[in-house]
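Comments concern the structure below.
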Amino acid sequence: MSEKETSLPSKYNPQDVEKGRYQFWLKGKFFEATGNPNKEPFTIVIPPPNVTGRLHLGHAWDTTMQDTVARMKRMQGYDVLWLPGMDHAGIATQAVVEAKLKEEGKNRYDLGREKFLEKVWEWKEEYATFIRSQWEKLGLGLDYTRERFTMDDGLSEAVREVFVRLYEKGLIYRGEYIINWDPQTKTALSDIEVIYEEVQGKFYHMHYPIKDSDVTIDIATTRPETMLGDTAVAVHPDDERYKHLIGKKVILPIVGREIEIIADDYVDQEFGSGAVKITPAHDPNDFEIGNRHNLERVLVMNEDGTMNKNAGKYEGLDRFECRKQIVKDLQDEGVLFHIEDHVHQVGHSERSGAVVEPYLSTQWFVNMQPLADRAIELQKDEDKKVNFVPERFEQTYMHWMENIRDWCISRQLWWGHRIPAWYHKETQEVYVGREAPEDIENWEQDEDVLDTWFSSALWPFSTMGWPDEEAEDFKRYFPTDVLVTGYDIIFFWVARMIFQSKEFTGQRPFKDVLIHGLIRDAEGRKMSKSLGNGVDPMDVIDKYGADSLRFFLLTGSTPGQDLRFHWERVESTWNFANKVWNASRFALMNMDGFTYEDIDLSGDLLLADKWILTRLNETIKMVTYNTNKYEFGEAGRYLYNFIWDELCDWYIEMAKLPLYGDNEEKKKTTRSVLAYVFDQTMRMLHPFMPFITEEIWQKLPHEGVSITVAQWPEVREEFHDEQAAKEMERLVSIIKSVRNIRAEVDTPMSKEITLLIQAKNDEIVEELTNERAYLERFCNPSELVIATEMDVPEKAMSAVVTGAEIFLPLEGLIDFDKEIERLEKELEKWTKEVDRVQKKLANKGFVTKAPKKIVEEEKRKEKDYLEKQANVRERLQELKG
RNA sequence: GAUUCCGUAGCUCAGCUGGGAGAGCGCCACCUUGACAGGGUGGAGGUCGUUGGUUCGAGCCCAAUCGGAAUCACCA
């Protein structure tokens, strides 16, 4: 083994530790899937971030969880493929590039389609580089040899393949329907891209005059400007109030158009006046009614939300300006007779925030029902279904699938996968195909592109070479093992991946899907640009290091819950990292020249050694178990407690005894245990804090080139020592009691005291005598007596532990009244415990029905408590007497 | 209207498919012990929202109820 630097600076500095480490990993190709046939594959595909900008804390959280799983699996010997990539994010990306153009006083039409797309590609390259550098800072073990982009050739081929196949099966169709129109970005949206918000609006009540009569019919609306497109008034067929009017004509005010009063079951007699204006071109329900009654569809708006020529004198006005005008005019004409406040839900575009307009338009749709049915069916097979973690999200998913609506997939954008449909210039014939038609000069391709999510839905298999089903990666790494994402995109993405995967590969896209929540600010608000409360993960890393950020994210919440960001909590994880650092520093300081080959655990182990190895076993068990269940918080807590409380506070303190002593044999054993425990601990901590653990591990006696490919710790039964655990417990109780009494009488550790330990039997005397050195180190006695029988001085403080009583003769320091008071409290405590246990044991139901193990445990406790109670009582009587 | 989540120490949250209430931060007292003063030791602080039920036993299961949040669907 070559000579190496074994010392560490006294302060943990994440910048120094993390610098260059990622390059070392990449150079070693530790993150590249090997394809090794002797290893079992384990696959994760990254949820591709949008190429619109910086990664936020949500990405950091999401990817850290994936990295943690991937790193553990890699160490466990799997051939791990964690595939990186990015999403072209149609609307979002086009919007930012257009915004940039606007700054230059241009728009996309000035450039033209081709030039504009060149600009977007430039933007994409810039941000892809930026995103990769952020992944690097987070320490993500990604296989860059397989990085993908949703608009790569291969992925685009997959998109066309899926489109064509669905079209050929009749599952994709084109038609004129009411869709959600965003007048700002001038594109159609799918239903889930519309966010409904409660808005304080108005409810306008109007009289529509009935032709050839002096009566009117009252109707109400929240969007009075749409009345320009009314082509009927509908009432319920059974409504006694209106039955006689059915078939009569109404003169549409302002417009003067004659429209019919029709009867339709859809109308709710109870709501409003029971009569509804019907605008088939601007309302989905009215559209349906219009179809049933063969009504004319009158579109009154342009694509940008201004009124068109059908609006007559209102032509050119913005829809909201038109509303104001028309309200005024209707009032003047006496048609509009009442306006009331009305709170209702108004749809807004997820991307632009604009009020969405229900709008008649020709678009492409996916006929969802058959696909959804198959996805629902999939969940019925326990071995083939997608396992949601936490389980409850499966219900959310299923509910959506069971109430599925057709998916509008065309978008009036330029950035994205252009729809593979061509229209014959003369015959208007439609051609859908993987390639353009041969006599291309006679055809025109559809101008529109596909919804971004159409390509993301194929991500788990399009990235692996599909539609080539013989592609090696596809055969080996698909289906993937786990997908990690937030609950906010279950519908957008998770659900769509599942039905597309089922349809095209016949399989689930991933075995597990781990759903996490949202990151919020310290007050619990969503982080958003408008609030300006966002925290840049790179700022956190600059301040506290990636390891601290990661550990905070992993341990900050439980699966499915939201996570609040608190700087103080990141700081406290930094403290933990610093603790790990300094404990390792101590270990290294005592390991000069010690090599991995020198580790020898076969010698005589001291109590502390046996105990820490037992605790290590337990920790390995719990960390592995919980990480496998994606319970990173629990796993992290086991690591934290083991390292801080057991390893640092007890083991290291106890190890100082042999390390600072002159028994070379014992020193070597302790060094072995230290080296072994630190090695194993660093490995376990590595998926959580990759940088610091690699740094320390490299300096520890170790074997292998990188901790990233070191073997994951295994429980070693030969190290499990129940007896040592018990003895350690007694020892710790004694030490803590002494500390307590010292605190009570204000006697710091530096002052020596006399310590008398009266053990219950000879075995315990022997046991404690063996551990005498520890007692001396931790209690600092001038005199230490351990015996079964002894003259107990009257003037002494005392305490009881299991199997022994301790006395500290502290003449002059003791306030006897206070000591009696303290012991009485103690007695009360044990009496209470005894009562509780005895009551439990006297309960026949408990003894007969509770598991044996529990009953035995209670019996053992009863014995222990009775003994302690008796000892305290006796002592109290002595003092009083 | 349907569904879901949350309510536990001053604050932020854990609590492992029911078996004696935990952590971090904050607070109080003490400690310059040779890895760490961003440390150590000791301590205070909780009717586990409320009420019922199931059970030998409930923070955990069931029902109801109060309060907070989210998602979906909505009547013009």
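Letters go in sequence order (proteins before strands), and every chain restarts at 1. The structure displayed is predicted, hence computed values, not measured ones.
- For A:Y266, taking side-chain heavy atoms from C-beta onward, the closest of the listed nucleotides B:C75, B:G24, B:A14 is B:C75.
- Geometrically, A:K656 engages A:F586 in a cation-pi contact, judged by NZ or CZ lying under 6.0 Å from the ring centre and within 45° of the ring axis.
- Here A:N578 does not reach the OP1 or OP2 of B:G39: none of its side-chain N or O atoms lies under 4.0 Å away.
- Both stacking criteria are satisfied for A:W574 over the base of B:G38: a centre-to-centre distance under 5.5 angstrom and an angle between ring planes under 30 degrees.
- When the shell of 6.0 Å around NZ of A:K736 is examined, it contains 12 or fewer heavy atoms from other residues, nucleotides or ligands.
- Here A:K579 reaches the OP1 or OP2 of B:G40: one of its side-chain N or O atoms lies under 4.0 Å away.
- Inspection of the A:Y487 and A:D562 side chains reveals an N or O donor paired with an N or O acceptor under 3.5 Å.
- Taking atom P on both nucleotides, B:G10 is separated from B:U47 by 8 Å, rounded to a whole Å.
- Listed pair A:N740 / B:G43 meets the phosphate criterion, a side-chain N or O lying under 4.0 Å from OP1 or OP2.
- The distance from atom CZ of A:F388 to atom P of B:U3 is 19 Å, rounded to the nearest whole Å.
- As rounded to the nearest Å, B:A35 and B:U8 have P atoms that lie 42 Å from one another.
- Across the P atoms, B:G53 and B:C11 are found 31 Å apart, a figure rounded to whole Å.
- Distances shown here put every side-chain N or O of A:W644 at or beyond 4.0 Å from the OP1 or OP2 atom of B:A35.
- When the C1' atom of B:G38 is taken as reference, atom CZ of A:F552 falls 18 Å away, rounded to whole Å.
- Atom NZ in A:K751 sits about 11 Å away from atom C1' in B:C30, given to the nearest Å.
- Heavy atoms of A:T558 sit under 4.0 angstrom from primed sugar atoms or phosphate atoms, though from no base atom.
- Comparing atom distances between the A:F203 side chain and each of B:A76, B:G38, B:G34 picks out B:A76 as nearest.
- Between B:G59 and B:A21, the distance separating the two P atoms is 8 Å to the nearest Å.
- Annotation: the span from A:T221 atom OG1 to A:Y204 atom OH amounts to 9.0 Å, rounded to 0.5 Å.
- Using a 4.0 Å heavy-atom criterion, one finds that A:D268 contacts the bases of the nucleic acid, with or without backbone contacts as well.
- Distance NE2 (A:H399) to P (B:U4): 10 Å, rounded to an integer number of Å.
- Listed candidates were B:G24, B:A76, B:G34. Nearest to the side chain of A:H344 is B:A76.
- B:A58 and B:A63 have their C1' atoms separated by 15 Å, with the value rounded to a whole Å.
- Distances were taken from every side-chain heavy atom of A:R637 (C-beta onward) to each of B:A76, B:A14, B:G38; the shortest belongs to B:A14.
- Nucleotides B:U4 and B:G39, compared at atom C1', are 45 Å apart to the nearest Å.
- There is a side-chain donor-acceptor pair under 3.5 Å between A:E193 and A:S190.
- Taking only side-chain nitrogens and oxygens, A:Y638 never comes nearer than 4.0 Å to OP1 or OP2 of B:G15.
- Relative ring orientation between A:Y774 and A:F778 is described as tilted, the plane-to-plane angle lying within the 30° to 60° band.
- Taking only side-chain atoms of A:Q561, from C-beta outward, the nucleotide of B:C6, B:U55, B:G34 with the closest atom is B:C6.
- Of all nucleotides listed (B:A35, B:G19, B:C75), B:C75 comes nearest to the side chain of A:N285.
- For B:A35, its base sits under 3.5 Å from the side chain of A:E653 at one donor and acceptor pair at least.
- Pairing for B:G67 is with B:C6, a Watson-Crick or G-U wobble pair whose two hydrogen-bonding atom distances lie under 3.5 Å.
- Within a 6.0 Å radius of CD in A:E340, other residues, nucleotides and ligands contribute more than 12 heavy atoms.
- Minimum atom distance to the side chain of A:R739 is reached by B:U41, of the listed B:U41, B:U12, B:A35.
- Put simply, A:K656 has a side-chain N or O that comes within less than 4.0 Å of OP1 or OP2 on B:A35.
- At the phosphate of B:C30, neither OP1 nor OP2 sits under 4.0 Å from any side-chain N or O atom of A:R742.
- In this structure, the nucleotide among B:A76, B:U17, B:C36 sitting nearest to the side chain of A:Y625 is B:U17.
- Residue A:R569 places its side chain closer to B:U12 than to any other of B:U12, B:A35, B:G19.
- Using cut-offs of 30° and 60° on the angle between ring planes, the pair A:Y359 and A:H282 is perpendicular.
- Counting any heavy atom pair closer than 4.0 Å across all strands shown, A:K861 reaches a base atom.
- A:Q395 has a side-chain polar atom (N or O) that falls below the 4.0 Å cut-off from OP1 or OP2 of B:U4.
- Look at the C1' atom in both B:G68 and B:G26: the space between them is 25 Å, to the nearest Å.
- Rounded to a whole Å, the CZ atom of A:F491 is 10 Å from the P atom of B:U71.
- Nearest to the side-chain atoms of A:A850 among the listed nucleotides B:A73, B:C5, B:G19 stands B:G19.
- Separation of the P atoms belonging to B:U3 and B:G46 is 38 Å when rounded to the nearest angstrom.
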